[in-house]
Number of protein chains: 2
Amino acid sequence: MRLTRAGEYGIRCVLDLARHGKGILVSRKEIAVRTDVPPHFLAKIAQQLARAGIIEILQGASGGYRLLSDPSEITLLAVIEAVIGEISLNDCVGRPESCDNSALCTVHRVWNKANRQLRETLQEADFATLAAEDACCLTPFPKTDGRNPPSGKK
Amino acid sequence: MRLTRAGEYGIRCVLDLARHGKGILVSRKEIAVRTDVPPHFLAKIAQQLARAGIIEILQGASGGYRLLSDPSEITLLAVIEAVIGEISLNDCVGRPESCDNSALCTVHRVWNKANRQLRETLQEADFATLAAEDACCLTPFPKTDGRNPPSGKK
DNA sequence: GATATATAAGATATATTTTGTCTTATATCG
DNA sequence: CGATATAAGACAAAATATATCTTATATATC
Ligand code: SF4
Ligand code: SF4
């Protein structure tokens, strides 16, 4: 009952991008170093974020990732579920047919409620708010005027 | 982000015992069949429930398990955590020292809140209530007058 | 006490998931 | 074209979860 590493990494990645702002291109390597995520693992996670429409991936010599939406419109829930799939605290929450008893089961109802609550809480957290204060990155993001990516600095 | 099978099985076991009532002895085999849990796996789970003080295990020819408390005093949370350990939605919730940034991290605070909420919801569910209606067991518990265990019937 | 039965305890095996790396291909810049 | 960065997916390693098996111990009954 724990977020996977991949999920955590996905959050770090989006948070790093959110600090730069919507549309600002940041190289994978730069993100990987700053958030302490293995670069190739980040690549895989980024692809899931891209498929979910959260980021855009640019290939080529000066490629990288960038946010497609304003950080205020991206929720923690969206990022997590883009990476690890829809949250389901018990098997029978996501797949009621996996247990013959789910229609009658009182425990099942508790799980449904808990699951709904959890997803709501994660949905209330947007990345503009999360990025506003010091947060998440192991190596703190260097202060800039917020408009220019600290491009050269790898 | 999902309850383990062992956790689910633990719940089923306690629910089955709760239907019989506090102090009523039920054999492991009987519970295993009724709840569709591999008997040896159930044994291991039961040992954890016993260590947590939820059930008592009786050895010997007519041994089995029985609840130590009234079902109304046993919460879903207690049973789950007896089996899978304290719930911690992200690594840094249970072990803040696992991430250097947890003191400042805004994401960390969201996880803490979500974790607290989840545990509260699971704590509000007691087994007297859960067992009151049809629930959880794959093979419905046979109706009796509630005082005598359906002993012979294996 | 002997025997049968049921669980204890822990070793072991299997399966699944997670995590991370590596290789080859492709896109872009200069 | 050559250098560089990511894409995509195969592959490998590690961790975890699930299940079973074996030997030991406790209890009831005879
Ligand atoms: S970065 Fe924040 S959310 Fe992620 S592990 Fe560290 S404290 Fe927890
Ligand atoms: S018994 Fe109830 S809680 Fe358990 S898996 Fe089935 S529906 Fe879900």
Side-chain angles (χ1 to χ4, degrees), chain A residues 1-13 17 25-33 35-52 55-66 80 83-85 87-91 94-95 98 149 151-154, chain B residues 1-13 17 25-33 35-52 55-66 80 83-85 87-91 94-95 98 149 151-154:
Chain A
M1 192 105 74
R2 177 168 300 193
L3 184 69
T4 62
R5 214 101 179 100
E8 164 71 20
Y9 291 163
I11 295 169
R12 290 189 194 176
C13 173
L17 289 168
L25 187 69
V26 187
S27 79
R28 180 186 72 178
K29 186 170 189 180
E30 201 181 313
I31 299 174
V33 169
T35 59
D36 194 28
V37 175
H40 281 86
F41 200 6
L42 178 57
K44 193 169 288 187
I45 294 164
Q47 284 158 32
Q48 296 180 277
L49 293 172
R51 258 177 245 131
I55 69 172
E56 185 184 25
I57 299 175
L58 298 201
Q59 289 195 43
S62 61
Y65 307 147
R66 67 179 167 205
I80 293 168
V83 178
I84 69 170
I87 288 176
S88 159
L89 289 172
N90 196 355
D91 222 48
R95 300 180 18 249
S98 71
S151 48
K153 79 163 295 263
K154 155 168 141 172
Chain B
M1 192 108 71
R2 175 168 299 191
L3 184 71
T4 62
R5 216 107 177 95
E8 163 72 21
Y9 291 163
I11 296 169
R12 290 189 194 176
C13 172
L17 289 168
L25 187 69
V26 187
S27 78
R28 180 186 70 176
K29 184 170 189 176
E30 200 181 315
I31 298 174
V33 169
T35 59
D36 193 30
V37 175
H40 281 87
F41 199 7
L42 178 57
K44 191 167 290 187
I45 294 164
Q47 284 159 32
Q48 296 180 276
L49 292 172
R51 258 176 244 133
I55 69 171
E56 184 183 28
I57 299 175
L58 298 200
Q59 287 194 44
S62 60
Y65 307 145
R66 67 179 165 204
I80 291 169
V83 178
I84 67 171
I87 288 176
S88 160
L89 288 172
N90 196 356
D91 222 47
R95 300 178 20 246
S98 72
S151 48
K153 77 162 297 261
K154 159 170 139 171

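Just so it is clear: chains get the letters A, B, ... in the order the sequence lines come, proteins before strands, and each one is counted from 1.
Closest approach to the A:Thr4 side chain among C:dT18, C:dA8, D:dA19 is made by C:dT18 (side chain taken as heavy atoms from C-beta onward). With distances taken from any side-chain atom of B:Phe41 to the nucleotides C:dT7, C:dT23, D:dT18, the minimum falls on D:dT18. Listed candidates were C:dT18, D:dA19, D:dT18. Nearest to the side chain of B:Lys44 is D:dA19.
Taking each heavy atom of B:Pro38 and B:Tyr9 in turn, the nearest pair found is CD-CE1, 4.0 Å. Pairing each heavy atom of A:Arg28 with each of A:Leu42, the nearest pair is O-CD2, 3.6 Å.
When the C1' atom of C:dA27 is taken as reference, atom CD of A:Gln47 falls 14 Å away, rounded to whole Å. Nucleotide C:dT21 holds its C1' atom 16 Å from the CZ atom of A:Arg5, rounded to whole Å. The separation between B:Leu49 atom CG and C:dT7 atom C1' is 15 Å, rounded to whole Å. Summarising the geometry, the separation between CD1 on B:Ile31 and P on C:dT7 is reported as 9 Å, rounded to the nearest angstrom. The interatomic distance linking A:Gln48 (CD) with C:dT18 (P) rounds to 11 Å, in whole Å. Residue B:Leu42 contributes atom CG, which lies 13 Å from atom C1' of C:dA6 at whole-angstrom precision. Rounded to whole Å, the distance from CG on B:Leu58 to P on C:dA6 is 14 Å. Taking atom NE2 of A:His40 as the reference point, atom C1' of D:dA13 lies 16 Å away to the nearest angstrom.
A:Glu56 places no side-chain N or O within 3.5 Å of a backbone atom of A:Arg66 that could act as its donor or acceptor partner.
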One pair to check against side chain to side chain contact (heavy atoms under 4.5 Å, CB included): A:Cys13 and A:Thr35. What are the steps and the verdict?
CA-CA 7 Å; A:Cys13 173; A:Thr35 59; 5.8 Å; no
Given B:Arg12 and B:Asp36, is the side chain to side chain contact (heavy atoms under 4.5 Å, CB included) satisfied, shown in steps?
CA-CA 9 Å; B:Arg12 290 189 194 176; B:Asp36 193 30; 4.2 Å; yes
Reading DNA chain D 5' to 3', what string of ( ), [ ], | and . shows its pairs, if Watson-Crick and G-U wobble pairs count only when both distances fall under 3.5 Å?
||||||||||||||||||||||||||||||
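Within the 4.5 Å cutoff, the side chain of B:Arg2 has heavy atoms near those of the A:Ser88 side chain. Using a 4.5 Å cut-off on side-chain heavy atoms (C-beta onward), B:Leu89 and A:Leu3 make no contact. Side-chain contact between B:Ile84 and A:Met1 is present, with heavy atoms from C-beta onward closer than 4.5 Å.
Comparing A:Gly63 and A:Arg51 by the nucleotide of DNA chain D that holds the closest heavy atom to each, the one mapping nearer the 5' end is A:Gly63. Along DNA chain C, the nucleotide nearest to A:Pro39 and the one nearest to A:Gln59 differ in position, and the one closer to the 5' end is contacted by A:Pro39. Along DNA chain C, the nucleotide nearest B:Ser27 and the nucleotide nearest A:Gly7 are compared for position; the residue whose nucleotide lies closer to the 5' end is B:Ser27. Comparing A:Met1 and A:Ala61 by the nucleotide of DNA chain D that holds the closest heavy atom to each, the one mapping nearer the 5' end is A:Ala61.
At C:dG20, one or more side-chain N or O atoms of A:Tyr9 fall inside 4.0 Å of OP1 or OP2 (strictly under the cut-off). For the pair B:Ser62 and C:dT5, the criterion of a side-chain N or O lying under 4.0 Å from OP1 or OP2 is not met. Of the side-chain N and O atoms in A:Arg28, one or more sit less than 4.0 angstrom from OP1 or OP2 of D:dT6.
Using a 4.0 Å heavy-atom criterion, one finds that A:Ala46 contacts no nucleic acid atom at all.
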